[in-house]
Amino acid sequence: VPPGSLDDLLSQADSLIERGEALLEQNRLTEAESAFNQALELYQQALQQAAQNQDLVGQAQAWQGIGKTLLLLERLEEAKQALDAALGLYRQLSIRGEPLIKLLITAIEAERKSGHFELIPDLALEAINEAKALPNEEQVIMLQLLEKKFIRLNLLEWAERCITRK
């Protein structure tokens, strides 16, 4: 991957997010926040580069990264706007499967954290239906992932729907 390329920027930012999450778990909040802010800067550079190159997939990935990072930084309204932009592009580009499910999970987390519950049913249902459209082995893995996330977010009725396969 050429340095400074879109993939390089996204990959560096993703690594910073992982580092920040590990630091959060160790309660090293200042260092975690610093890693998240560095990641945000890289995702914004990636977005700018993708926009200049009219790369819609790159823009979608960058918006997703920006949204996740803003969520980790507790900047909830901005996170929701970024995730909304990512979802719009995913739908426009017909990006499906695991990438869409992971984006929907992040969007659900943002709604849950900000206390807005009205969009959660639609997002949760879309994530579950998307998982059920996957081939059998992947379907099981994604439904288990969704179930864990729903339990962690205290969305128990949605967790149940992952188990009962309704």
Side-chain angles (χ1 to χ4, degrees), residues 1-21 33-114 116-139 141-146 148-150 153 155 158 162:
V1 180
S5 69
L6 181 69
D7 287 341
D8 180 50
L9 291 170
L10 291 171
S11 163
Q12 282 184 56
D14 290 345
S15 295
L16 282 163
I17 290 293
E18 284 174 28
R19 183 167 183 272
E21 288 178 321
E33 189 176 349
S34 171
F36 295 147
N37 281 317
Q38 288 172 42
L40 185 59
E41 218 167 278
L42 290 170
Y43 283 129
Q44 287 167 335
Q45 286 175 31
L47 178 63
Q48 207 171 12
Q49 197 178 102
Q52 283 169 348
N53 298 331
Q54 296 175 337
D55 174 356
L56 292 178
V57 173
Q59 289 177 57
Q61 292 170 321
W63 276 122
Q64 181 172 3
I66 290 168
K68 180 175 183 170
T69 309
L70 289 167
L71 180 60
L72 288 163
L73 287 166
E74 302 284 328
R75 290 164 57 182
L76 301 178
E77 288 310 309
E78 292 170 90
K80 285 166 50 174
Q81 288 171 0
L83 293 166
D84 209 40
L87 271 172
L89 285 166
Y90 269 59
R91 290 181 177 129
Q92 182 186 333
L93 297 164
S94 300
I95 296 172
R96 306 285 308 268
E98 186 177 340
L100 176 60
I101 293 167
K102 288 189 170 170
L103 174 57
L104 288 163
I105 289 169
T106 309
I108 291 165
E109 286 177 289
E111 294 299 327
R112 182 85 177 84
K113 272 190 172 177
S114 62
H116 295 278
F117 297 95
E118 58 275 4
L119 293 176
I120 290 177
D122 288 344
L123 294 168
L125 193 61
E126 185 177 355
I128 290 169
N129 287 338
E130 194 60 35
K132 287 181 177 176
L134 292 169
N136 213 358
E137 214 169 286
E138 288 176 65
Q139 182 183 121
I141 293 166
M142 278 298 119
L143 285 170
Q144 286 171 343
L145 174 75
L146 280 169
K148 277 187 201 142
K149 292 287 186 177
F150 288 143
L153 293 168
L155 298 168
W158 291 102
C162 295

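Along the sequence shown, residues are numbered consecutively beginning with 1. Just the heavy atoms: all of them, side chains too, but no hydrogens, waters or symmetry mates, feed the values below.
- When every heavy atom of P99 is checked against every heavy atom of Q64, the shortest pair comes out as O-NE2, 4.2 Å.
- Between G67 and A79, the shortest heavy-atom contact is O-CB, 3.5 Å.
- Of all heavy-atom pairs spanning W158 and L125, the tightest one is CZ3-N, 3.9 Å.
- In the model, Q59 has no side-chain atom that pairs as donor or acceptor with a side-chain atom of D55 under 3.5 Å.
- The two residues L87 and A107 make their nearest non-hydrogen contact at CD1-CB, 4.1 Å.
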May I have the step-by-step check of side-chain contact (heavy atoms from CB on, under 4.5 Å) for L100 and L104, ending in yes or no? CA-CA 6 Å; L100 176 60; L104 288 163; 3.8 Å; yes
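- Distance CD/Q61 to CG/L56: 11.5 Å, rounded to 0.5 Å.
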With side-chain contact (heavy atoms from CB on, under 4.5 Å) as the criterion, how do L6 and N53 come out once you've worked through the C-alpha distance, each side chain's angles and the decisive distance to 0.1 Å? CA-CA 10 Å; L6 181 69; N53 298 331; 6.0 Å; no
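- Counting non-hydrogen atoms of other residues, nucleotides and ligands closer than 6.0 Å to NZ of K148 gives a total of 12 or fewer.
- No side-chain heavy atom of H116 sits under 4.5 Å from any side-chain heavy atom of L76.
- We find the CD-CG distance between E111 and L155 to be 11.0 Å, quoted to the nearest 0.5 Å.
- Enclosure of atom CD in E118 by more than 12 non-hydrogen atoms of other residues, nucleotides or ligands within 6.0 angstrom is indicated.
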Walk me through whether L89 and Q92 qualify under side-chain contact (heavy atoms from CB on, under 4.5 Å). CA-CA 5 Å; L89 285 166; Q92 182 186 333; 3.8 Å; yes
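- Taking 4.5 Å as the limit, some side-chain heavy atom of F117 sits within range of a side-chain heavy atom of R112.
- Side-chain atoms of Q139 come within 3.5 Å of backbone atoms of K132 as a donor-acceptor pair (strictly under, hydrogens ignored).
- Here the CG atom belonging to L70 is positioned 5.0 Å from the CG atom belonging to L40, to the nearest 0.5 angstrom.
- Side chains of Y43 and L10 form a contact here, defined as non-hydrogen atoms less than 4.5 Å apart.
- Interatomic distance, OG1 of T106 versus CG of L72, reported as 9.0 Å (0.5 Å rounding).
- Between E126 and R91 there is a side-chain heavy-atom pair separated by less than 4.5 Å.
- Of the possible donor and acceptor atoms, none in the side chain of E130 sits under 3.5 Å from a partner among the backbone N and O of I101.
- Atom CD of E138 sits about 7.0 Å away from atom CD1 of I141, to the nearest 0.5 Å.
- D8 has its side chain out of reach of P2: every pair of non-hydrogen atoms, C-beta onward, lies at least 4.5 Å apart.
- Closest of all the heavy-atom pairs between I66 and A82 is CG2-CB, 3.8 Å.
- Note: F150 CZ to I105 CD1 = 7.0 Å, rounded to the nearest 0.5 Å.
- No side-chain heavy atom of Q38 sits less than 4.5 Å from a side-chain heavy atom of L42.
- Side chain of N37 to main chain of E33: a donor-acceptor pair is present (N/O by atom type, distance under 3.5 Å, no hydrogens or angles).
- A salt bridge does not link K68 with E109: none of the charged nitrogens is closer than 4.0 Å to a carboxylate oxygen.
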Verdict with supporting geometry, L83 and W63, side-chain contact (heavy atoms from CB on, under 4.5 Å): CA-CA 6 Å; L83 293 166; W63 276 122; over 6 Å; no
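- For the pair Q49 (side chain) and G4 (backbone), a donor-acceptor distance under 3.5 Å is present.
- The two residues G97 and L134 come nearest to each other via the heavy atoms CA-CD2, 3.8 Å.
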